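Have a look at the structure below, then the notes.
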Amino acid sequence: MGHAKLQMQTGIDAMEEEAGQCGAGNPSRTTLACMINAEIGAVLAVMRRNVRWGVHYMSDEDQLEHSLVQSLKNLRRQIFSWQSHWHVIDPVLYLQPFLDVIQSDETGAPITGVALSSVYKILTLDVIDQNTVNVGDAMHLVVDAVTSCRFEVTDPGSEEVVLMKILQVFLACVKSKASVMLSNQHICTIVNTCFRIVHQAGTKSELLQRIARYTMHELVRSIFCHLQDIDVTENAFVNGSTALNEEIDGVKNEHHSTNTQLENGSLISASDSQSVSTGIASNIVSDVAAIIADVNTTVSSGKETDLNEHLMKEPHGIPCMLEIFHFLCSLLNVAEHMGMSPRSNTIAFDEDVPLFALTLINSAIELGGSSFHRHPRLLSIIQDELFCNLMQFGLSMSPLVLSMVSSIVLNLYHHLRTELKLQLEAFFSCVILRLAQSKYGASYQQQEVAMEALVDFCRQKAFVVEMYANFDCDTTCSNIFEDIANLLSKSAFPVNSPLSSMNILALDGLIAIIQGMAERIGKGSLSSAHSVENLEEYTPFWLESCENFTDPNKWVPFVGRRKHFKKRLMIGADHFNRDAKKGLQFLQGIHLLPAKLDPQSVASFFRYTTGLDKNLIGDYLGNHEEFCVQVLHEFARTFDFKDMALDTALRIFLETFKLPGESQKIQRVLEAFSDRYYEQSPHILANKDAALLLSYSIILLNTDHHNSQVKKKMTEEDFVRNNRQINGGNDLPREVLSGLYHSICKSEIRTTPEQGSTFPEMTPSRWVYLLNKSKDTAPFIVSDCRAHLDYDMFAILSGPTVAAISVVFDNAETEEVYQICMDGFLAVAKVSAYYHLESVLDDLVVSLCKFVTILDPLSPEESILAFGEDTKARMATETVFTIANRYGDYICTGWRNILDCILKFQKLGLLPAQMANDAAEESETSTETGNGKSYANSLSSSQLLSVSTPKRSSGLISRFSQLLYLGAEETKSVPSEEQVAAQQCSLQTIQKCHIESIFTESKFLQAESLLHLAKALKSAGVKQKKGNNSYEDEDTSVFCLELLVAITLNNRDRIELLWPDVYEHISNIVQSTVMPCAQVEKAVFGLLRICHRLLPYKENITDELLKSLQLVLKLDARVADTYYEQITQEVSNLVKANASHIRSQLGWRTITSLLSITARHLESSEAGFDALFFIMSDGAHILPANFVLCVDAAKQFAESRVGQVERSVVALDLMAGSVNCLEKWTNDAKQAMTEEEVEKMLQDIGDMWLRLIQGLKKLCLDQREEVRNHALLSLQNCLTGSVGIHLPHGLWLQCFDQAIFTMLDDLLEISQTHSQKDYRNMEGTLILSLKLLSKVFLLLLQDLSQSTDFSKLWLGALNRFEIFMNVKIRGRRSEKLQELVPELLKNTLLVMKAGHVLERSSSSGDGNSLWELTWLHINNIASSLQSEVFPEQYSKQLKQKQAEEVGDRGSAENVSEHSNEATDQDGTGNGIG
């Protein structure tokens, strides 16, 4: 009924109460009463079937109802009359009648079974919980009653039903809410009873067997799931004892870890002296159960018994868990008690019993987890007894047992590894690593299970790090990580057989380790390398310690130092094993032993160094030399034998070396041992001699008992008799000697080490040694999942891993294995890149590239089909280019292999058609060449249109054009669906590779990687001299060259790095090519492209870039003629774009050289001159560095007859206009420079000016009239425009002598010696030249007149005037010249007169004055000029002459003739008149 409905029945209080209970989710009181009533009825009904329990008459007092029936009927009468809530009703009231039935030996199996079902139902109703009245007593009654269950067995089926019901009730008890009230004793009783049923079920049906085992399993889980809730300092249960911790500690002090007996007796209740039941106990005939009962039975007395009894009566907690766990561990000792080896192949003991026990133990550990370490006694069992048994059963022939052992150890590793350091080392060394190799006799199944277990460990994130830190970096431990790495890598290799599951499993382990490292990348780390010390001084390595093993800042440097020590110690151990004396000397040399040996250091070396030959240690320690004896005693002092049994101490001592065979050496060794033992345990023996004698006796007993050649073995009585009165004259206690005897007989002290065994088998002596060593070993380092030690580990693992993955991939045949290998490759690449391990990455790339197979003998179509169908090749291709794109920074020599793959795809036309250009373009626009063809836009030589090579189609589409053309004549070329699919796979694979990204993103590559990429391109681009496929070689060379140019352009900021190799490659191509071809075309235009793109950004190497263009000048003539038009266009574009960035003379020399050459080339001259015009026009880009070069280039264009005359005229204008730059530079220099700088600058300007004048002077002699005359005008303009430059007088005089006068003389000579056809209108040219002379002379007259060389200049001009006056052109004198010369002279004289440059002086009569010499020349030209220019001087002179004629008329003629002769002989004058 719903809660709302019941509230409407307000008249019935009881119903409201019941409804409230029902609404609360619990059965109502009435409902519960009905349920119990039903159970009573069920039990009574079954009982009435039996005659014994039939109806009796009430009148007969002897025939009253049986008490069991009466109690049930009484309960039926009472249950409906109880008014209280059920939790305040004593459960004993309604449980007791059922329990009486269960305990009665008069009831049969059916009745007992129904009664058990009733109890089970009541327990599962959740009416009984920890708050119920008297719940503790009730639960105890249930357990006791069910444990002592008695019934008559009528048939096997009913018996099994009862056993199943018993199991049900016990499980319900433990899982109920009231289970917390069960005592430790009752929990133990439940477990023990269930275990007995488990073994009894061995003879029953399979169903009972399964149920019994399941119940046992659930019991253990239910009990140990509470372990994490129990704290040793607090109560964990209601009404628990507050002194639980102290009591447990008290018991712990009396517990010995090697004791195989339980302190509290058997798991059967101590107060119960009866068998479990007739039905159970009578059928327990199993030897196993009997043995276990015997093992677990002991007699305790005194305080320990009282204490245990008290603890066992407390609410259950640690004591019962301890008993149960110890009991479960003892099950693993069954084989020993049966006299059978754990390695026996008997199913019952090698698999069934141990497997069952191991399963229960595993469940307990899974649920208890890390809580075990809070309870020392539980932890002690795990450390000793459990792990020792795990070591033994790990070597079981049963794969199931080994698998379960491995699972338990994995759980222990997760939860308790900090407490099990050496146990874990032993497990891996003596079990896993031993079984995983066939050479130790393990079956294939054992090897496979061991390998699976190892791989499971490797998949744990911190496992390998912790193995390396705790063992490989510990001088006293073996190299577990290295051993695992070696095992996995070797096991991954298929040896003379197909790939097996073992190979793949081992590879999984390797890849799991690498992937763990890859996941730790970026999580932060501390490098252990920085802490490695340079051992220049002796350091006691065994004293190295760490302040805090939980702080990575402390332990990472610490393990780094320890590993450094260990590596050197291993080398020293190897030397020692070959020669002990030389080995010690070597250790001194590397500062691991002091320069002067002392006993302690040598003893510590022997004690704490692994890998030493134990035979040599034994011989050394047994030596009679004094130093060796001292070492022996120091060696003994390194052991701690405090409170240790003598045989245990002796086992530990002799485990470290081989006892020598000579009696004297044995005595010395045992004396040292006895001294140390007595020193630490003086209360056990009377004196040292007693220890020595007893030690001798133990060695003799060991030899006697375990030597097969000794037929008559020593008995216990013999051993006791041999040791009488050795303890200071007294006998040792018999039980002590008996214990020693049985210990030695049971477990041999091996004095001979195993030879040639890397992974020794665990012996009892070794186990004792391990437990003792674990007391002093360094704490277990727990990794924080950061990459602290990954670099060192990866250095060990990388090489074998790459090799293993490659071999497995090579032999694999399924895509799943392919993917595993590819994941491994990527993980290795990631870690290699992170740690900058270029060599590892290169090896990986080389290995991968081998699988990128293209079958060269096949046609391109067939190769593409083969590639598309080869999954392995396609996956390898994707992986190798993924690595190249992600981790290219750290690829060096591997680039060549990657490039080989790219070239294979390029030959097949699988690459994008414009890949190389796309890699270099970025923001650059394509450049068009002269004929509309783009020399820079082609990708491969197969698409390149060259003069000497025909164009060839490329790319996948073109290669399959015939196949894809459905209308082709040959129907056989139509591709099949498989072929089309393979083609698509090939294309998709290449697209996924993003090959172009390698080059477009090359600007992000590290410098070293970039250099190797460039070198690979350079190397691959060299043509093969041999072979017939020259076209493909050229195609490859061009492709590589384009890629090289592309990465150069993409790395403009690092051009200095690449440039030497790029230039050398291009230079070799240019200088070795004698015919036009695609390669040289790409080389030249690639070079121009680089310069064009990089000049604006890299001013520091501008000169070097421009100098490289001189390679163009070295082109073979045939090659140059083919490409010069395009070259010039590119140079022109380069100049226009980068003129402002070219500053040096070297750079401009290269540019002008290239432009000058075009002056002689018809097709290229226009573009060349266009570039020159851009430079020189308005002086925009004329600099002092390029002035002379530009002038010379313009002169060559002016001289050239390739183009039109107009171009020469423009070139002359450019030359003449450049003088303005000189004037500007002069003014700028005077304003901004110091005097010294100005003087230097003016000198340079003068030289440039003179070079310009000389250039124009040469052009004044040109054969073409227009050019010649324009050159004269340009020269005149240039000279007249140079006044503002303030040139020195000497330079002007030099100009007249070397330029003007020379030009006039040359022109005159040309007019006289050449025909009119060659030089037209020379008369006009002579006229212009004279005008130039006159104008320039007059312009400079005032300045030059002050010069001492003026007379020479003036007379030189007069001489030219006189010559030109008389020159004959075409056989007659020129009228124009005869008119022009006097006119020019007259103007000149007038200016000279006005400037007082030409005057008659008082001393002018000597005939050598300027005045006299001037008129001597002029009179020969035009005698009337004197009278016209100097009339007063002329009249005065005339009068003087007339007077002289009057005075001496007779001699006038003679005087006149004499005067003329004198004038003719001396045509120059000194001084100004």
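This one's a predicted model, so the numbers in the text were calculated from it and none came from an experiment. Numbers for residues simply follow the sequence, beginning at 1.
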**OP:** Find out whether Ile484 and Val464 are in side-chain contact, i.e. whether some heavy atom of one side chain is under 4.5 Å from a heavy atom of the other.
**Re:** no
Subject >> Closest contact, heavy atoms only, Ala469 versus Trp555 >> reply: CB-CZ3, 4.3 Å
Original post:
So do the side chains of Thr656 and Phe635 get within less than 4.5 Å of each other, counting heavy atoms only?
Top reply: yes
Original post:
Can you tell me how far the CE atom of Met517 sits from the OH atom of Tyr791, to the nearest 0.5 Å?
Top reply: 12.5 Å
Original post:
Short question: side chain of Lys773, backbone of Thr476 - any donor-acceptor pair under 3.5 Å?
Top reply: yes
Original post:
So Met570 and Thr609, side-chain contact (heavy atoms from CB on, under 4.5 Å) or not? Walk me through it.
Top reply: CA-CA 8 Å; Met570 291 302 99; Thr609 303; 4.2 Å; yes
Original post:
Distance only, no hydrogens: is a donor on one side chain within 3.5 Å (strictly under) of an acceptor on the other, for Ser774 and Gln423?
Top reply: no
**OP:** Scan residues 458-478 for pairs that pass ring pair (Phe, Tyr, Trp, His ring centres under 6.0 Å), counting only residues two or more places apart or in two chains.
**Re:** Tyr413-Phe463, Phe428-Phe463, Phe457-Phe463, Tyr468-Phe481
**OP:** To the nearest 0.5 angstrom, please state how far the CD1 atom of Ile432 sits from the CG atom of Leu402.
**Re:** 6.0 Å
Original post:
Which is it for Lys567 and Asp792 under the salt bridge (Lys or Arg N to Asp or Glu O under 4.0 Å) test, yes or no, and what are the steps along the way?
Top reply: CA-CA 12 Å; Lys567 288 179 180 178; Asp792 299 328; 5.7 Å; no
Original post:
Looking only at heavy atoms, what is the nearest atom pair of Asp472 and Glu482, with distance?
Top reply: OD2-N, 3.1 Å
Original post:
Is there a side-chain contact between Leu488 and Met451, using heavy atoms and a 4.5 Å cut-off?
Top reply: yes
Original post:
Where do Ala442 and Gln447 come nearest, in terms of heavy atoms and distance?
Top reply: O-NE2, 3.2 Å
Subject >> Residues Arg766, Glu425: salt bridge by 4.0 Å N-O rule >> reply: no
**OP:** Consider only side-chain N and O atoms of Gln460 and His414, and report whether a donor and an acceptor are under 3.5 Å apart.
**Re:** yes
Subject >> Check: Phe387 and Val409 side chains under 4.5 Å, non-hydrogen atoms >> reply: yes
Subject >> Leu412/Phe372 under side-chain contact (heavy atoms from CB on, under 4.5 Å): CA gap, chis, key distance, verdict >> reply: CA-CA 10 Å; Leu412 290 174; Phe372 276 95; over 6 Å; no
Original post:
With side chains defined as the heavy atoms from C-beta onward, is the minimum distance between Ile652 and Met644 less than 4.5 Å?
Top reply: yes
**OP:** Say whether, by atom type as modelled, one donor and one acceptor occur between the side chain of Gln515 and the main chain of Ala827 under 3.5 angstrom.
**Re:** no
**OP:** Decide salt bridge (Lys or Arg N to Asp or Glu O under 4.0 Å) for Arg520 and Asp790; before the verdict, give the C-alpha distance in whole Å, the side-chain angles of both, and the deciding distance to 0.1 Å.
**Re:** CA-CA 9 Å; Arg520 287 191 288 272; Asp790 283 358; 2.8 Å; yes
Original post:
Taking atom CE of Met762 and atom CE of Met391, what is their separation to the nearest 0.5 Å?
Top reply: 4.0 Å
Subject >> Non-hydrogen atoms of Asp640 and Asn772 that approach each other most closely >> reply: O-OD1, 3.7 Å
**OP:** Could you tell me whether the side chain of Ile571 reaches within less than 4.5 Å of the side chain of Ile590, counting heavy atoms only?
**Re:** no
Original post:
Under the 3.5 angstrom rule, does the side chain of Asp842 hit a backbone N or O of Thr893 as a donor-acceptor pair?
Top reply: yes
Original post:
Does any N or O in the side chain of Gln588 come within less than 3.5 Å of the main-chain N or O of Ala595, such that one atom is a donor and the other an acceptor?
Top reply: yes
Subject >> Sole residue of Ile883, Leu510, Leu844 in side chain to side chain contact (heavy atoms under 4.5 Å, CB included) with Val828 >> reply: Leu844
Subject >> Smallest separation among heavy atoms of Gly509 and Cys458, with atom names >> reply: O-CB, 4.0 Å
Original post:
Has the side chain of Ser604 got a donor or acceptor atom that lies under 3.5 Å from a matching backbone atom of Gln600?
Top reply: yes
**OP:** For residues Gln1006 and Glu1008, determine if any side-chain heavy atom of one lies less than 4.5 Å from a side-chain heavy atom of the other.
**Re:** no
Original post:
Quick one: CD on Glu634 to CG on Asp598, what's the gap to the nearest 0.5 Å?
Top reply: 8.0 Å
Subject >> Polar side chain donor-acceptor pair, Asn362 to Glu366, under 3.5 angstrom >> reply: yes
Original post:
Does some side-chain heavy atom of Val405 sit less than 4.5 Å from a side-chain heavy atom of Leu358?
Top reply: yes
**OP:** Mind checking the CZ-CG spacing from Phe627 to Leu597? Nearest 0.5 Å is all I need.
**Re:** 5.0 Å
Subject >> Contacts of Phe606 that satisfy ring-ring contact (aromatic ring centres under 6.0 Å, His included) - sequence neighbours left out >> reply: Phe576, Tyr620
Original post:
How are the rings of Phe641 and Phe653 set relative to one another: parallel (under 30°), tilted (30 to 60°) or perpendicular (over 60°)?
Top reply: perpendicular
Original post:
Taking all non-hydrogen atoms of both residues, which atom of Glu419 and which atom of Gln383 are closest, and how far apart?
Top reply: O-NE2, 3.0 Å
**OP:** Would you kindly check if the NZ (Lys) or CZ (Arg) of Arg607 is within the cone defined by 45 degrees around the ring axis of Phe639 and under 6.0 Å from the six-membered ring centre?
**Re:** yes
Original post:
Are the side chain of Arg651 and the backbone N or O of Val768 linked by a donor-acceptor pair below 3.5 Å?
Top reply: no
Subject >> Donor-acceptor under 3.5 Å (Lys554 side chain, Phe549 main chain) >> reply: no
Subject >> Main-chain N/O of Ser491 paired with Asn503 side-chain donor or acceptor, under 3.5 Å >> reply: yes
Subject >> Partner of Val831 by side chain to side chain contact (heavy atoms under 4.5 Å, CB included), out of Leu837, Ile521, Thr801 >> reply: Ile521
**OP:** Tell me, with the steps shown, if Ile749 and Leu659 meet side-chain contact (heavy atoms from CB on, under 4.5 Å).
**Re:** CA-CA 11 Å; Ile749 299 177; Leu659 191 64; over 6 Å; no
**OP:** Starting at CG of Leu420, measure out to CZ of Phe780 and round the result to the nearest 0.5 Å.
**Re:** 9.0 Å
**OP:** Output yes when a side-chain donor or acceptor of Ser1009 lies under 3.5 Å from a complementary backbone atom of Gly888, and no otherwise.
**Re:** yes
Subject >> side-chain contact (heavy atoms from CB on, under 4.5 Å) assessment of Asn470 paired with Cys477 >> reply: CA-CA 8 Å; Asn470 288 287; Cys477 297; over 6 Å; no
